[in-house]
Asks: 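Next up is a structure, given as structure tokens.
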2 protein chains.
Amino acid sequence: MFNTVEIKDVKNEIGLLVKAIRKQRGLSQTQLAKSLDVSRTTIQNLELGKNFTVDTILKVLKEVDLLEQLNGKVVEAKDQVLNAKSLY
Amino acid sequence: MFNTVEIKDVKNEIGLLVKAIRKQRGLSQTQLAKSLDVSRTTIQNLELGKNFTVDTILKVLKEVDLLEQLNGKVVEAKDQVLNAKSLY
DNA sequence: CCATTATGACCATTTTAATGGTCAAATATA
DNA sequence: TATATTTGACCATTAAAATGGTCATAATGG
């Protein structure tokens, strides 16, 4: 009934997203890892849904020009919370 | 000219967002940490823009019922990439 | 104002992500 | 098909995140 998304699921989806982006750009894990200055193991674990640091995913997003967009979403969400407070 | 957002900046904004959400809910760092089963130091570092793991931020998002929403965005982005590929 | 609570800043220790390497299987390519 | 490349799965080591604690200062409430 309830579609309960678990943390594990989200990590898996993030991994699939990164893999899709990488494939779209015709890069191997090794090539992506090199351009991000991380090890291939780090990319591999990220893509396979293991735990990883925010630095790693943000490096990926910066590489594919999605960092500004994410930042915008975060700031937007933050402002929404701060504005909601002032309504009471 | 170019508003170059750096990784450090995004981590800072994520920290401010978490802090804003926590304040909105009237929780102390200690209370939030306890309900997420992490240490206060972890929450503190997250809010202050240090590096942290995806597990930590996802725990926060799950706690405030934003996990499904994020998952939707990720899946959406992934599908967009996968669909774009088939257009060529 | 005083007392209480919350937070930032450390620190030592433990846990775990990141690294760099190998290897076998899968996949792409010639 | 044979060959080269890629990827998943390990593993030992290193780097760093998480933990649990203290302390001083800031913020909050009575």
Side-chain angles (χ1 to χ4, degrees), chain A residues 6-64 67 70 74 78 81-82 84-88, chain B residues 6-64 67 70 74 78 81-82 84-88:
Chain A
E6 298 300 327
I7 288 174
K8 161 179 47 66
D9 303 322
V10 181
K11 285 191 291 184
N12 267 318
E13 288 299 337
I14 293 173
L16 293 177
L17 170 59
V18 169
K19 185 168 190 169
I21 292 174
R22 178 175 61 77
K23 290 287 186 184
Q24 188 184 42
R25 306 214 162 192
L27 298 173
S28 67
Q29 290 179 346
T30 303
Q31 288 174 317
L32 179 59
K34 182 158 282 188
S35 62
L36 301 187
D37 197 33
V38 300
S39 69
R40 183 176 77 89
T41 306
T42 295
I43 298 297
Q44 190 178 216
N45 287 336
L46 168 52
E47 291 190 359
L48 295 178
K50 312 279 186 172
N51 199 11
F52 52 89
T53 63
V54 67
D55 270 342
T56 298
I57 185 63
L58 293 185
K59 281 183 185 178
V60 173
L61 295 183
K62 180 172 185 178
E63 175 76 11
V64 301
L67 196 60
L70 174 65
V74 173
K78 184 192 66 180
V81 172
L82 295 178
K85 194 177 66 176
S86 62
L87 293 179
Y88 293 91
Chain B
E6 298 300 328
I7 289 173
K8 162 179 48 62
D9 302 322
V10 181
K11 285 190 292 185
N12 267 318
E13 288 298 338
I14 293 173
L16 293 177
L17 169 59
V18 169
K19 186 168 188 168
I21 292 174
R22 177 175 62 77
K23 290 287 188 186
Q24 187 184 40
R25 306 212 162 194
L27 299 173
S28 67
Q29 291 179 346
T30 302
Q31 289 173 315
L32 179 59
K34 182 158 283 187
S35 62
L36 300 187
D37 197 33
V38 298
S39 68
R40 183 175 76 89
T41 306
T42 294
I43 298 297
Q44 191 178 216
N45 286 336
L46 168 52
E47 290 190 359
L48 295 178
K50 312 279 186 171
N51 199 10
F52 52 88
T53 64
V54 67
D55 270 342
T56 299
I57 185 62
L58 293 186
K59 280 183 185 179
V60 173
L61 295 183
K62 180 172 185 178
E63 175 76 11
V64 301
L67 196 59
L70 173 65
V74 172
K78 185 192 64 178
V81 173
L82 295 179
K85 195 178 64 175
S86 62
L87 292 180
Y88 294 91

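Computed over heavy atoms, backbone and side chain alike; hydrogens, waters and symmetry mates excluded. Below, chain A is the first sequence line, B the second, and so on; all start at residue 1. Since the model is a prediction, treat every value here as computed from it, not as a measurement.
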Asks: Taking 4.0 Å as the cut-off, does a side-chain nitrogen or oxygen of A/K19 come that near to OP1 or OP2 on D/dG8?
Replies: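 The answer is yes; a side-chain N or O of A/K19 sits under 4.0 Å from OP1 or OP2.
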
Asks: side-chain contact (heavy atoms from CB on, under 4.5 Å) for A/L70 and A/L58? Distances and angles first, verdict last.
Replies: CA-CA 9 Å; A/L70 174 65; A/L58 293 185; 3.6 Å; yes

Asks: How many whole angstroms separate atom CG of A/L16 from atom P of D/dG8?
Replies: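 Nearest whole value for this atom pair: 11 Å.
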
Asks: Check the phosphate of C/dT5 against B/Q29, side-chain N and O only, distance under 4.0 Å to OP1 or OP2. Yes or no?
Replies: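 False: B/Q29 side-chain N/O out of range (4.0 Å or more) of C/dT5 OP1/OP2.
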
Asks: What is the distance, to the nearest angstrom, from the CG atom on A/L46 to the P atom on D/dT7?
Replies: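 Distance check: A/L46 CG to D/dT7 P gives 13 Å.
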
Asks: Figure out the CD/P separation between A/E47 and D/dT7, and round it to whole Å.
Replies: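 Whole-Å distance recorded here is 7 Å.
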
Asks: Each nucleotide N or O in nucleotides 18-23 of chain C that has a protein N or O under 3.5 Å away: list the pair and distance.
Replies:
unit_1 : atom_1 : unit_2 : atom_2 : d
C/dA18 : OP1    : A/T53  : N      : 3.1
C/dA18 : OP1    : A/T53  : OG1    : 3.0
C/dA18 : OP1    : A/T56  : OG1    : 2.9
C/dT19 : OP2    : A/S39  : N      : 2.7
C/dT19 : OP2    : A/S39  : OG     : 2.9
C/dT19 : OP2    : A/T42  : OG1    : 2.3
C/dG20 : N7     : A/T41  : OG1    : 3.3
C/dG20 : O6     : A/T41  : OG1    : 3.3

Asks: Quick one: bend of the helix from C/dC1-D/dG30 to C/dA30-D/dT1 from 5 pairs per end, to 10°?
Replies: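 Inter-axis angle at the ends, rounded: 70°.
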
Asks: Can you check the B/L32 CG to C/dG8 C1' distance for me, whole Å?
Replies: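 That distance rounds to 16 Å.
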
Asks: Locate the shortest heavy-atom distance separating A/A84 from B/Q24; write the atom from each residue and the value.
Replies: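 Nearest pair, atom of A/A84 first, then B/Q24: CB-NE2, 3.8 Å.
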
Asks: Examine C/dT7: is either OP1 or OP2 under 4.0 Å from a nitrogen or oxygen in the side chain of B/R22? Give yes or no.
Replies: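 True: B/R22 side-chain N/O within range (under 4.0 Å) of C/dT7 OP1/OP2.
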
Asks: Quick one: do A/K62 and B/E6 satisfy side-chain contact (heavy atoms from CB on, under 4.5 Å)? Show the steps, please.
Replies: CA-CA 8 Å; A/K62 180 172 185 178; B/E6 298 300 328; 2.8 Å; yes

Asks: Short question: side chain of A/N45, backbone of A/K50 - any donor-acceptor pair under 3.5 Å?
Replies: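 Here the side-chain-to-backbone pair does not exist.
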
Asks: Given D/dC10, is OP1 or OP2 found less than 4.0 Å from the side-chain N or O atoms of A/K50?
Replies: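 Negative; the distance criterion is not met.
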
Asks: Spell out, as yes or no, whether a donor-acceptor pair under 3.5 Å connects the side chain of B/R40 to the backbone of B/Q29.
Replies: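 Answer holds: no.
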
Asks: What is the distance, to the nearest angstrom, from the CD atom on A/Q31 to the P atom on C/dA28?
Replies: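 A/Q31 atom CD is separated from C/dA28 atom P by 15 Å.
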
Asks: Ignoring hydrogens and angles, tell me if any N or O in the side chain of A/D55 forms a donor-acceptor pair with the backbone of B/N51 under 3.5 Å.
Replies: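 No, because the side chain of A/D55 does not come within donor-acceptor range (under 3.5 Å) of the backbone of B/N51.
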
Asks: Pick the closest DNA chain C nucleotide for B/D55 and for B/L48 by heavy atoms, then say which residue is nearer the 5' end.
Replies: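 By nearest-heavy-atom nucleotide position, the 5'-most residue is B/L48.
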
Asks: Please name the pair of heavy atoms, one in B/I14 and one in A/V74, separated by the smallest distance, quoted to 0.1 Å.
Replies: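 So the two residues come closest at N-CG1, 3.7 Å.
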
Asks: Nearest 0.5 Å, what's the CD-NZ distance between B/Q44 and B/K19?
Replies: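 Result: 9.5 Å between the selected atoms.
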
Asks: Between CG of B/L61 and CD1 of B/I21, what distance do you get to the nearest 0.5 Å?
Replies: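 So the gap between those two atoms works out to 7.0 Å.
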
